[in-house]
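As the structure is a computational prediction, the values presented were derived from the model and not from experiment.
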Amino acid sequence: MVMKKMKKTVIVSMSMLVFLTLSGGCANTSQEEVPSIDYGSTEADTQTVETQDETNMNVGDEQDATVFVDEKLDENLFISAELKMPENNLYEYVTQLKSFDYDIVQEAISTISTGQNTEGNLVFDDGSDEFTGGSLTYQRNDMATHLDTYCFYAGEMGLTDDRDLSFMSKEEAIAGLQSFIEMLGVGGEPEAFDVTAMNQSDFENVKKAIMEDSDYQFLSAKGYGSDTFQEDLEVYRIIFRMNVNGIPVYRNEPNLRQTSERFLAYPATVTALLSNNGIEMITMMGMFEPSEEHQKEAVIIGEDGIKEAIMKKFGDVILTSEFRAKNIWMEYFPLLREDSFTEMELIPVWCVDFEVDGQSVEDSRYSIRFNAITGEEIS
């Protein structure tokens with residue numbers, strides 16, 4: 001039986017904290033009815049077309065969706081990026097951070113770990129603390145954090161291959177964990193975007209590499225150097241993002257800056273470890289409740305609106321470095337409502353990554369998010 005624990009702080013593994021610090025960098029729904037957050041998620045097909053002139057576009061209108069914009073906007077300010085417009089209706093949503101039900105969580109863990117030992121440490125938000133929400137962590141034992149760290153390191157350093165493990169295929173593991181997430185009644189649709197597969201030999205090799213890495217020497221004091229692994233151990237580490245109408249919800253792209261008095265909400269992300277022994281670990285952050293009402297159809301700014309927003313950002317600034325918008329994508333952004341720590345809006349935003357003085361986007365680490373309805377800078 002799962003040990004029940006409730007805390008007022010979000011618990012994440014050490015490697016997840018490393019991931020949130022170091023990681024980089026945003027539909028198709030029925031036009032006959034307003035969709036809820038939970039359903040109707042498919043990616044929109046697009047075609048390359050000539051530049052469109054409209055500043056504002058009702059995304060419910062029939063239109064081709066992709067343009068490439070390459071021009072000088074101002075002195076030392078350029079845009080050279082593909083712009084992909086949504087082809088169908090988008091909506092703003094009002095929802096709130098998820099309050100998890102212990103019995104439902106326990107049943108879900110038991111279901112996906114049938115025949116395995118599901119006793120472990122479960123920590124989640126029960127809605128009693130208005131300063132936290134949408135968080136859940138399950139660890140089968142103390143070793144789970146170590147396994148997570150090894151998988152994270154292996155993925156970052158390219159020490160594992162993209163392959164199926166013998167106890168279960170990658171697709172089966174993803175499908176099983178997606179079912180688990182959906183059983184908890186969260187909003188959005190989980191999509192796996194990063195998978196690491198490791199066996200006993202991989203863990204041994206990665207442990208050796210970590211112990212020889214000066215940046216990770218502090219792990220020796222935490223007992224990593226004495227870890228041993230079962231001969232038949234196999235583990236998938238899968239990171240999920242949450243989508244709404246096929247568009248990702250903000251998870252933890254870099255350089256998020258607070259630009260207003262309103263509090264930003266938590267990034268929405270799920271990290272799971274599934275082994276041939278069952279679920280080793282689940283960490284969920286920024287989960288939100290399904291929304292069945294209060295949607296408002298959104299009219300999205302297009303190419304001219306994005307250029308206008310960029311110009312407004314830099315228009316009164318004398319740029320001594322060259323800024324070039326290189327990546328533009330759309331995501332849903334969770335924004336806590338005024339005077340609330342649990343209620344939030346999901347609004348569509350345009351995300352823009354910049355190269356600065358020819359540096360790559362990854363090196364320049366400069367990104368801005370604009371409200372895709374108003375053009376206002378969000379972060």
Using atom types as modelled and distance alone, determine if a side-chain donor or acceptor of [X] lies under 3.5 Å from a backbone N or O of [Y].
X	Y	answer
T149	T145	yes
W350	A309	no
N371	E376	no
N205	D202	no
Q217	M211	yes
D227	K207	no
D74	L77	no

Could you tell me which residues satisfy ring pair (Phe, Tyr, Trp, His ring centres under 6.0 Å) with F229, sequence neighbours excluded, listed by chain and number?
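By the ring pair (Phe, Tyr, Trp, His ring centres under 6.0 Å) rule, F229 matches Y150, F203.
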Set of residues satisfying ring pair (Phe, Tyr, Trp, His ring centres under 6.0 Å) with respect to F167, sequence neighbours excluded:
Y236
For residues [X] and [Y], determine if any side-chain heavy atom of one lies less than 4.5 Å from a side-chain heavy atom of the other.
X	Y	answer
I109	I282	no
E289	S291	no
R251	F193	yes
I300	P348	yes
M242	M287	yes
L90	M330	yes
M344	L335	no
F288	L346	yes

Verify whether one side chain among D148 and Q139 offers a donor that lies under 3.5 Å from an acceptor in the other.
no
If we count only N and O atoms by modelled type, under 3.5 Å, do the side chains of T66 and E82 hold a donor and an acceptor together?
no
Out of curiosity, [X] [atom1] to [Y] [atom2], how far, rounded to the nearest 0.5 Å?
X	Y	atom1	atom2	result
M284	F240	CE	CZ	9.5 Å
Y93	K296	OH	NZ	13.5 Å
Y91	E297	OH	CD	4.5 Å
F68	I328	CZ	CD1	9.5 Å
Q96	T342	CD	OG1	5.5 Å
K313	E308	NZ	CD	15.5 Å

Applying a strict under-4.5 Å side-chain criterion to I, L, V, M, F, W and Y, I'd like to know whether M183 and V186 cluster together.
no
With hydrophobic residues grouped by side-chain heavy-atom distances under 4.5 Å, do F218 and V206 end up in a single group?
yes
As a quick check of understanding, evaluate side-chain contact (heavy atoms from CB on, under 4.5 Å) for M157 and D213, giving each step before the final call.
CA-CA 11 Å; M157 300 300 178; D213 190 328; 4.2 Å; yes
Heavy-atom closest pair, residues [X] and [Y]:
X	Y	answer
G375	I301	CA-CD1, 3.9 Å
G155	T196	CA-OG1, 4.1 Å
V105	L184	CA-CD2, 3.8 Å
C151	R237	CB-CD, 3.3 Å
G302	L83	C-CD2, 4.2 Å
Q200	E231	CB-O, 3.4 Å

Given ring pair (Phe, Tyr, Trp, His ring centres under 6.0 Å), test F314 with F354 step by step and report yes or no.
CA-CA 12 Å; F314 294 101; F354 287 86; 5.6 Å; yes
Report the C-alpha separation of E303 and K307 in whole Å, then their side-chain angles, then the decisive distance to 0.1 Å, and conclude whether the salt bridge (Lys or Arg N to Asp or Glu O under 4.0 Å) test is met.
CA-CA 6 Å; E303 176 193 339; K307 290 190 290 187; 3.2 Å; yes
Going by the side chain to side chain contact (heavy atoms under 4.5 Å, CB included) test, name the single residue among L73, D70, V352 that passes it with I79.
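That would be L73; it is the only one of L73, D70, V352 passing the side chain to side chain contact (heavy atoms under 4.5 Å, CB included) with I79.
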Residue pair Q230, N276: steps toward the side chain to side chain donor-acceptor pair (under 3.5 Å) verdict:
CA-CA 11 Å; Q230 297 175 356; N276 48 337; 5.6 Å; no
For S169, give me all partners under side chain to side chain contact (heavy atoms under 4.5 Å, CB included), at least two apart in sequence or on another chain.
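In terms of side chain to side chain contact (heavy atoms under 4.5 Å, CB included), with neighbours along the sequence ignored, S169 is linked to D164, E171, E172.
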With F78 via side chain to side chain contact (heavy atoms under 4.5 Å, CB included) - residues at least two apart:
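For F78 the side chain to side chain contact (heavy atoms under 4.5 Å, CB included) partners, ignoring immediate neighbours, are K72, E322, R324.
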Salt bridge (Lys or Arg N to Asp or Glu O under 4.0 Å) partners of E212, counting only residues at least two apart:
K208
Audit row: L147, M281, side-chain contact (heavy atoms from CB on, under 4.5 Å) steps and yes/no:
CA-CA 9 Å; L147 295 177; M281 189 196 80; over 6 Å; no
Tell me if the centroids of the rings in Y366 and F323 come within less than 6.0 Å of each other.
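Centroid separation for Y366 and F323: below 6.0 Å.
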Under 3.5 Å, side-chain donor or acceptor atoms of residues 174-182 against the rest of the protein: list the pairs with distances, not counting sequence neighbours.
unit_1, atom_1, unit_2, atom_2, d
Q178, NE2, P190, O, 3.0
S179, OG, A175, O, 3.1

Yes or no on side-chain contact (heavy atoms from CB on, under 4.5 Å) for K170 and D162, after CA distance, side-chain angles and deciding distance?
CA-CA 9 Å; K170 179 173 64 176; D162 183 10; 2.7 Å; yes
Could you please spell out the steps behind the side-chain contact (heavy atoms from CB on, under 4.5 Å) verdict for M168 and E234?
CA-CA 9 Å; M168 182 181 289; E234 293 184 325; over 6 Å; no
